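Residue numbers begin at 1 in each chain, while the letters A, B, ... track the order of the sequences. As the structure is a computational prediction, the values presented were derived from the model and not from experiment.
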4 protein chains.
Amino acid sequence: VVGSHSTRPWPYRTPGIPDDLFERIPGIPMSPREVRLLILAQLRLLDDSLLWDIGAGTGTIPVEAGLLCPRARIVAVERDNEVADLIERNCQKFGVTGVTVQRGSAPECLGELDGNPDRICIEGGRSLSALVEAVWPRLVPGGRVVVATSTLEGLYRVAEQLAALQARQVEIVQSGFCRLERRGAQQGFTALDPTFVLGGQKH
Amino acid sequence: VVGSHSTRPWPYRTPGIPDDLFERIPGIPMSPREVRLLILAQLRLLDDSLLWDIGAGTGTIPVEAGLLCPRARIVAVERDNEVADLIERNCQKFGVTGVTVQRGSAPECLGELDGNPDRICIEGGRSLSALVEAVWPRLVPGGRVVVATSTLEGLYRVAEQLAALQARQVEIVQSGFCRLERRGAQQGFTALDPTFVLGGQKH
Amino acid sequence: VVGSHSTRPWPYRTPGIPDDLFERIPGIPMSPREVRLLILAQLRLLDDSLLWDIGAGTGTIPVEAGLLCPRARIVAVERDNEVADLIERNCQKFGVTGVTVQRGSAPECLGELDGNPDRICIEGGRSLSALVEAVWPRLVPGGRVVVATSTLEGLYRVAEQLAALQARQVEIVQSGFCRLERRGAQQGFTALDPTFVLGGQKH
Amino acid sequence: VVGSHSTRPWPYRTPGIPDDLFERIPGIPMSPREVRLLILAQLRLLDDSLLWDIGAGTGTIPVEAGLLCPRARIVAVERDNEVADLIERNCQKFGVTGVTVQRGSAPECLGELDGNPDRICIEGGRSLSALVEAVWPRLVPGGRVVVATSTLEGLYRVAEQLAALQARQVEIVQSGFCRLERRGAQQGFTALDPTFVLGGQKH
């Protein structure tokens with residue numbers, strides 16, 4: 001049954017690629033699988049979405065989004081050249097072709113991008129709420145922005161920002177997963193540090 | 001942009017349908033969105049999977065799986081007629097056509113089912129580990145079984161069962177989400193009760 | 001062994017009285033046992049502390065503090081007469097004599113209180129950070145303030161406030177307990193909603 | 001106010017000593033403060049309790065128990081000589097005098113201990129449920145046993161064991177704390193791995 005799929009590293013239709021299948025660079029952040037699932041769910045991607053992913057890190061969201069929506073256009077914005085290369089390598093590894101890596105610092109470099117996105121994912125940056133404010137005018141009506149953050153300041157200010165922008169259907173979730181891992185003859189729970197995922201929709 | 005999609009209740013390519021979009025019957029369990037995401041990720045559905053969903057409850061997994069894999073065949077096993085009707089209504093509501101509802105008690109009724117599944121999801125039942133043992137011979141080689149449970153007994157016994165069956169790539173995750181909800185002028189965190197999601201693959 | 005202790009409802013030297021031993025009024029908040037333990041730990045009570053407890057609710061902190069420190073003076077500030085009566089009844093029930101209930105609204109009524117506390121516990125109020133600011137001048141040098149809140153706004157603003165006041169030894173903890181409870185023949189985990197406990201010390 | 005207390009490292013009446021105040025040996029487990037609070041609460045120590053602490057590790061429970069109950073007798077059972085020395089040093093550091101360290105392996109060495117305890121705390125060991133079974137006959141009627149474990153096997157088997165022993169007032173709690181920690185200009189949440197604390201009382 002699985003024979004024809006076996007040449008691709010992730011032949012499945014469901015998101016949630018195990019963390020260790022991605023190529024990584026030490027110190028470069030990566031959203032763990034369980035957090036990625038929350039981000040993707042809040043993004044509510046359409047078949048033909050134009051997605052900007054800002055602070056893409058390891059590139060896990062572009063990869064998962066590209067696999068779910070092969071016809072979508074995805075722009076990963078990353079200022080660090082080494083990290084930008086990593087994103088490209090991970091897209092190649094998973095056979096994702098719809099991703100363009102924009103090398104530059106957000107929000108300054110966003111003026112160089114063509115088109116207005118209907119989906120924006122913000123996974124990192126110096127000031128998350130400043131980023132939300134900067135990208136909001138580019139978001140098409142009915143479009144969605146999703147922010148993932150592990151800091152209290154990011155959580156509070158983006159929540160305030162979404163309220164100030166009168167975003168609709170605001171959802172804020174705190175993840176708190178534990179993974180059961182083998183420790184000798186027994187199994188113990190390891191907690192993942194919590195991440196907050198915030199999403200909202202433009203009028 | 002979203003015009004052509006607007007007639008369908010969930011036009012998106014990403015799973016994670018909000019809980020309140022499903023028709024519900026009071027007292028009938030439903031996997032909340034965040035838990036559904038974990039179940040779907042562990043199922044690793046293929047385009048043409050044959051999925052058995054046992055103890056399907058409200059039918060959220062058949063709906064989400066059917067939207068992600070329109071070509072898959074999904075059999076929802078449910079002994080209660082009223083609940084079986086609910087599953088069918090939820091599939092109709094979301095335009096999912098690949099789902100058959102098998103009315104009967106698992107594991108007894110499984111002998112009536114044609115074909116051998118490559119994916120089995122167990123969301124409920126009197127004895128989860130007995131169910132795992134009963135369905136395992138029907139699972140095709142390389143196929144996967146995923147169990148969701150909120151009980152200590154279910155967690156422990158299914159973990160033991162998967163080890164006894166020499167399942168590969170066993171993953172066990174405890175979910176622990178909080179949702180931020182408005183309380184007057186402020187926002188407070190509401191915790192979802194934890195669920196354990198266990199998955200493993202047959203040799 | 002336990003005979004001589006048995007006439008007191010909580011003869012133990014350790015805090016953590018089970019929730020259901022307190023008299024309650026529906027709708028009046030109560031810090032659950034696990035959160036109380038965190039509050040008490042951050043308070044670092046001395047044998048002869050003067051503790052103000054603001055927004056005392058059911059009175060669990062005055063009771064536990066009074067049992068741990070029979071020589072301490074404890075002032076529970078509560079504006080609602082019915083709730084103030086409840087606090088007094090719970091103190092009587094547990095044989096705690098060092099508690100005075102001040103009927104009034106904080107921070108306005110605090111001017112009527114004699115002495116300056118070395119410990120302040122804030123469990124509720126219209127604006128937690130305004131309360132922190134109002135009580136801080138009354139706190140003796142080296143004294144500690146501890147705030148418990150379940151809201152994002154409370155968490156963020158009190159954290160900011162403690163930084164602005166240059167509080168030392170600031171500790172901020174999010175609680176996330178689950179209790180295993182019997183459900184028929186099995187046991188399932190019930191999550192308590194998270195509470196944030198913040199503490200800091202004055203120069 | 002605090003002058004007369006300042007020569008003692010923990011002059012407070014409340015438990016919950018910060019982790020970094022204890023002397024530690026790398027690799028030797030220590031119950032973090034928040035878990036210690038749960039253990040102490042479930043122990044329900046009396047003024048004159050005889051407490052056995054088995055697998056005491058760093059000695060945090062003997063120290064906290066000794067501070068709360070200066071008249072209690074506490075026996076810390078530890079097979080490793082280096083760890084036994086560590087427990088003694090931590091007791092000296094905090095001025096706790098009621099602790100005896102029994103060097104030996106539980107349950108074998110328990111036969112050498114005089115008296116029957118009314119409180120038993122099990123923080124570690126090869127088989128927690130075997131330890132519970134071995135110590136139960138020594139526990140006085142009305143006495144309590146408390147077990148802390150981070151493993152699924154420990155949780156399940158001790159829960160079964162307490163049921164088989166017909167323990168009363170069984171309480172099982174899963175801890176799930178996050179600590180807010182400074183990361184540059186922001187603050188992020190760090191999750192502690194969960195621990196299960198189980199307690200029960202003998203008829």
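- Between B:F189 and C:F196, the ring-plane angle classifies as perpendicular under the 30° and 60° cut-offs.
- Looking at C:L152, the atoms closer than 4.5 Å to chain B (heavy atoms on both sides) sit in the backbone and in the side chain alike.
- The backbone N or O of C:A191 sits less than 3.5 Å from a side-chain atom of B:D193, completing a donor-acceptor pair.
- Among the candidates B:S150, B:C178, B:G154, B:A185, the residue making the largest number of heavy-atom pairs closer than 4.5 Å to chain C is B:S150.
- Contact of B:L192 with chain C is made through the backbone alone, with heavy-atom distances under 4.5 Å.
- In this structure, the side chain of B:R138 does not engage the main chain of B:P117 through any donor-acceptor pair within 3.5 Å.
- Using a 4.0 Å cut-off between a side-chain N of Lys or Arg and a carboxylate O of Asp or Glu, C:E171 and C:R44 qualify as a salt bridge.
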